[in-house]
Amino acid sequence: MSKKQPNRLAELIDHQSFAGSALPQTLANDMQLYTQATHEIKLLLIDCLPEEILHTCWVVGLTSEQLTLSVGSMTAANHMRYLQSAYLQVLTEQSITFKQLKQIRVVVSNTHTDNALFNKRLASKTSMMNHDEAPKTKALSQNTKRTITQAANHVTTDENLKKALLRLANT
């Protein structure tokens with residue numbers, strides 16, 4: 001009997017599945033631990049964290065004294081770092097898993113949704129650039145015109161630059 005061969009056009013994951021390959025046991029155990037910890041974190045912090053942050057928050061490292069969380073934006077990371085002591089208190093008081101925790105570390109990672117949003121914005125910008133129409137310009141505010149004029153008169157020593165800045169401010 002000949003051994004059945006996988007489809008050469010199949011995805012790599014299909015080939016691996018057919019071959020009976022799996023994640024190494026240590027990696028599978030870590031993944032299971034992080035998934036369980038993420039679920040527990042989200043349950044404990046549901047009343048503390050905004051939904052946008054909670055949605056992108058994942059446990060990516062866990063020791064007895066340090067928890068490493070990944071969030072989707074720098075704003076979320078700053079928020080988490082600012083309120084770290086409050087979150088640490090909630091976790092140590094309400095969970096046996098995090099009882100000995102002494103520090104929460106926060107890292108920023110790009111998620112698939114961020115990349116999709118970026119690609120969507122990029123596509124819209126590209127399509128706008130492909131049109132034959134001239135880009136629409138906005139008029140400068142009075143405050144901006146005043147700032148440019150003051151910079152041209154008091155800061156700039158190059159006469160050509162000064163004239164160009166004054167023309168810009170007068171448009």
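- Residues meeting the side chain to side chain contact (heavy atoms under 4.5 Å, CB included) test with Glu52, sequence neighbours left out: Pro50.
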Open item on the list: side chain to side chain contact (heavy atoms under 4.5 Å, CB included) for Val90 and Cys48? Distances and angles first, verdict last.
Closed with: CA-CA 9 Å; Val90 168; Cys48 305; 4.2 Å; yes

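- When the side chains of ILVMFWY residues are joined at heavy-atom separations under 4.5 Å, either directly or via intervening members, Tyr82 and Leu88 end up in a single hydrophobic cluster.
- Not counting sequence neighbours, Asn78 has no partner by the side-chain hydrogen bond (donor to acceptor under 3.5 Å, both in side chains) test.
- Around CZ of Arg81, the count of heavy atoms belonging to other residues, nucleotides or ligands within 6.0 Å exceeds 12.
- To the nearest 0.5 Å, atoms CD1 (Ile104) and OG1 (Thr92) are separated by 8.5 Å.
- When the side chain to side chain contact (heavy atoms under 4.5 Å, CB included) test is applied to Leu83, the partners found at least two apart in sequence or on another chain are His79, Tyr87.
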Open item on the list: The test is side chain to side chain contact (heavy atoms under 4.5 Å, CB included); show your working for Val106 and Gln84 and say whether it passes.
Closed with: CA-CA 9 Å; Val106 183; Gln84 174 183 354; over 6 Å; no

Open item on the list: Using the rule given for side chain to side chain contact (heavy atoms under 4.5 Å, CB included), can you reason through Leu54 versus Ile46, listing the C-alpha separation, both sets of side-chain angles and the distance that settles it, and then say yes or no?
Closed with: CA-CA 7 Å; Leu54 201 59; Ile46 196 164; 3.8 Å; yes

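- Closest approach of Gly72 and Thr56 over heavy atoms only: N-OG1, 3.2 Å.
- The side-chain heavy atoms of Met80 and Leu69, taken from C-beta on, include a pair separated by under 4.5 Å.
- Scored by the side-chain hydrogen bond (donor to acceptor under 3.5 Å, both in side chains) test, Gln89 finds Glu93 as partners (sequence neighbours excluded).
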For residues 146-155, which side-chain N or O atoms pair as donor and acceptor with protein atoms under 3.5 Å away, sequence neighbours left out?
from, atom 1, to, atom 2, distance (Å)
Thr147, OG1, Asn143, O, 2.9
Thr149, OG1, Lys145, O, 2.8
Asn153, ND2, Thr149, O, 3.3

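- Of all heavy-atom pairs spanning Phe98 and Leu91, the tightest one is CB-O, 3.8 Å.
- Here Val60 sits in one hydrophobic cluster together with Val107; the rule is ILVMFWY side chains under 4.5 Å apart, joined directly or through other members.
- Applying the side chain to side chain donor-acceptor pair (under 3.5 Å) test to every pair with at least one member in residues 34-50, sequence neighbours left out, gives these pairs: Glu40-Ser95, Glu40-Thr97.
- Not counting sequence neighbours, the partners of Arg167 by the side chain to side chain contact (heavy atoms under 4.5 Å, CB included) test are Lys163, Ala164.
- Remark: Asn160 engages Asp158 in a side chain to side chain contact (heavy atoms under 4.5 Å, CB included) (not counting sequence neighbours).
- Summarising the geometry, atom NZ belonging to Lys102 is positioned 10.5 Å from atom OG1 belonging to Thr63; distances are rounded to the nearest 0.5 Å.
- The side-chain hydrogen bond (donor to acceptor under 3.5 Å, both in side chains) check on Ser141 picks up Thr144, with sequence neighbours excluded.
- Both Leu33 and Leu44 are assigned to one and the same hydrophobic cluster, defined by single-linkage of ILVMFWY side chains at heavy-atom distances under 4.5 Å.
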- [ ] Output, in order, the C-alpha distance, side-chain angles, deciding distance and verdict of side chain to side chain contact (heavy atoms under 4.5 Å, CB included) for Gln66 and Arg105.
- [x] CA-CA 7 Å; Gln66 182 178 356; Arg105 189 171 160 248; 3.0 Å; yes

